[in-house]
Structures are given as structure tokens and as C-alpha cells.
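All remarks here apply to the structure that follows.
All residue numbers in this chain count up from 1 along the given sequence.
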Amino acid sequence: WQGAMQQTGNPAASLKRINQELQERISGNFITAMLGSFGPRNAGGGELRLANGGHHPPVLLRGNERPRLLNSRGRILGIFPVVNIEDAVFDYRPGDRFIFYTDGLIEPRTPDGDILGEEAVLSHMDSTRTLAGEEFCDRLISFVTESSVDCSQEDDVSLLVIDVED
């Protein structure tokens with residue numbers, strides 16, 4: 001899979017290729033994936049090309065704007081012989097922050113038995129947007145852990161923060 005991007009040249013074609021390989025290797029299992037590439041950058045920014053294999057959309061924090069989900073649709077990988085995945089293109093600028101995460105970040109149960117949810121996590125991201133990347137991640141994980149039942153996590157959490165520098 002490592003060479004899929006180099007061989008195909010774009011994220012959607014790469015995920016389609018990975019899906020074909022999964023069809024041959026696993027049966028009855030699936031994965032979700034998000035694959036992206038940052039295009040050439042100029043003084044004003046550049047473009048991020050994303051393909052989604054059934055994964056939660058990443059979040060863009062830009063200036064004082066509300067957190068924005070970068071929706072790009074696609075099916076999970078490994079189940080269907082053919083998946084409809086297309087590249088979605090988003091612009092990026094200096095000062096932008098991209099947050100990629102797994103479902104364990106938004107799906108823990110609160111003491112009331114509800115799922116913590118996207119809105120609560122987005123609100124927390126919004127209120128801590130000015131923190132440096134590592135502290136932002138630490139605070140976000142602490143928020144999720146403290147908001148969940150018995151501070152336990154039913155699912156793993158993966159979190160990647162990318163800050164676009166000036």
C-alpha cells in the first residue's frame with residue numbers, strides 16, 4: 001500500500017487500489033481510511049486533495065471561523081468490490097489547522113448514556129484553537145476522557161493535527 005500514491009498519483013485512485021487489494025486479502029472485514037496530499041504551496045496557500053474511504057471527515061480551523069468539517073464522501077474499504085471514491089479539493093492558507101481523528105474521539109458514552117458527539121468535540125476544538133498543537137491534542141484527549149463514563153474509552157483514539165505555517 002505504501003506505493004499506491006506514487007503509482008496512481010491521486011488519493012481516490014489510491015484508495016480504490018487499496019480496496020481491490022483488501023478484497024483479495026481479507027473476507028468479511030473492513031477498514032476506514034482517509035488519504036490526502038498537500039499540493040504545491042505559494043505565498044497565499046495551496047490545495048489539499050482528500051479521498052475518503054468511509055472515515056469521519058477532518059476538521060479545518062481557520063482564523064476565527066467556526067470549525068468546518070471537510071466532507072468528502074466514500075465507502076468503507078474491503079467489503080464492496082467497487083467503491084465510488086472521488087477526490088475532494090480544499091484550499092489551505094497559512095495559519096490553518098487540520099485535525100484528523102478516528103471515531104473513538106466522538107463516540108464515547110457520557111454519564112447520561114449519550115454519545116459525546118461531534119458538536120461537543122467541535123465546540124471544544126473551537127475554544128482551544130489558539131493552543132500549540134501538542135497542548136491542543138492533550139487538552140482534547142483530556143476533554144474526551146473526562147466526558148466519558150468512568151473516564152474509560154471503549155474505542156481507540158487516533159489524532160493528527162497539522163498546522164500550516166506562515
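- Minimum interatomic distance between Asn10 and Ala13 (heavy atoms only, all atoms of both residues): OD1-N, 2.8 Å.
- Closest of all the heavy-atom pairs between Leu15 and Ala51 is CD1-O, 3.5 Å.
- Under the 4.5 Å side-chain heavy-atom criterion for grouping Ile, Leu, Val, Met, Phe, Trp and Tyr, Leu70 is not connected to Met125 through any hydrophobic cluster.
- In the hydrophobic clustering of this structure, Leu140 groups with Leu69; members are Ile, Leu, Val, Met, Phe, Trp, Tyr whose side-chain heavy atoms approach within less than 4.5 Å, directly or through other members.
- Taking 4.0 Å as the cut-off between side-chain N and carboxylate O, Asp126 and Arg129 count as a salt-bridged pair.
- Put simply, the side chain of Glu47 never gets that close to the backbone of Asp91: no donor and acceptor are under 3.5 Å apart.
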> Does the side-chain hydrogen bond (donor to acceptor under 3.5 Å, both in side chains) test come out yes or no for Thr110 and Ser147, once each step is laid out?
Replying inline: CA-CA 6 Å; Thr110 66; Ser147 298; over 6 Å; no

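- The hydrophobic cluster containing Phe143 also contains Tyr101, counting ILVMFWY residues as joined when their side-chain heavy atoms lie under 4.5 angstrom apart, directly or transitively.
- For Pro108 against Gly104, the heavy-atom pair with the smallest separation is CD-O, 3.4 Å.
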> side chain to side chain contact (heavy atoms under 4.5 Å, CB included) between Ile76 and Ile31: does it pass, once the steps are laid out?
Replying inline: CA-CA 6 Å; Ile76 57 176; Ile31 65 168; over 6 Å; no

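- Looking only at distances, a side-chain donor or acceptor of Lys16 sits under 3.5 Å from a matching main-chain atom of Ile85.
- Here the CZ atom belonging to Arg75 is positioned 14.5 Å from the OG1 atom belonging to Thr32, to the nearest 0.5 angstrom.
- Looking at Asn52, its side chain never comes within 3.5 Å of a backbone N or O of Met34 through a donor-acceptor pair.
- Using a 4.5 Å cut-off on side-chain heavy atoms (C-beta onward), Leu122 and Val59 make contact.
- Note on Ile141: it clusters hydrophobically with Phe136, by side-chain heavy-atom contacts below 4.5 Å among ILVMFWY residues.
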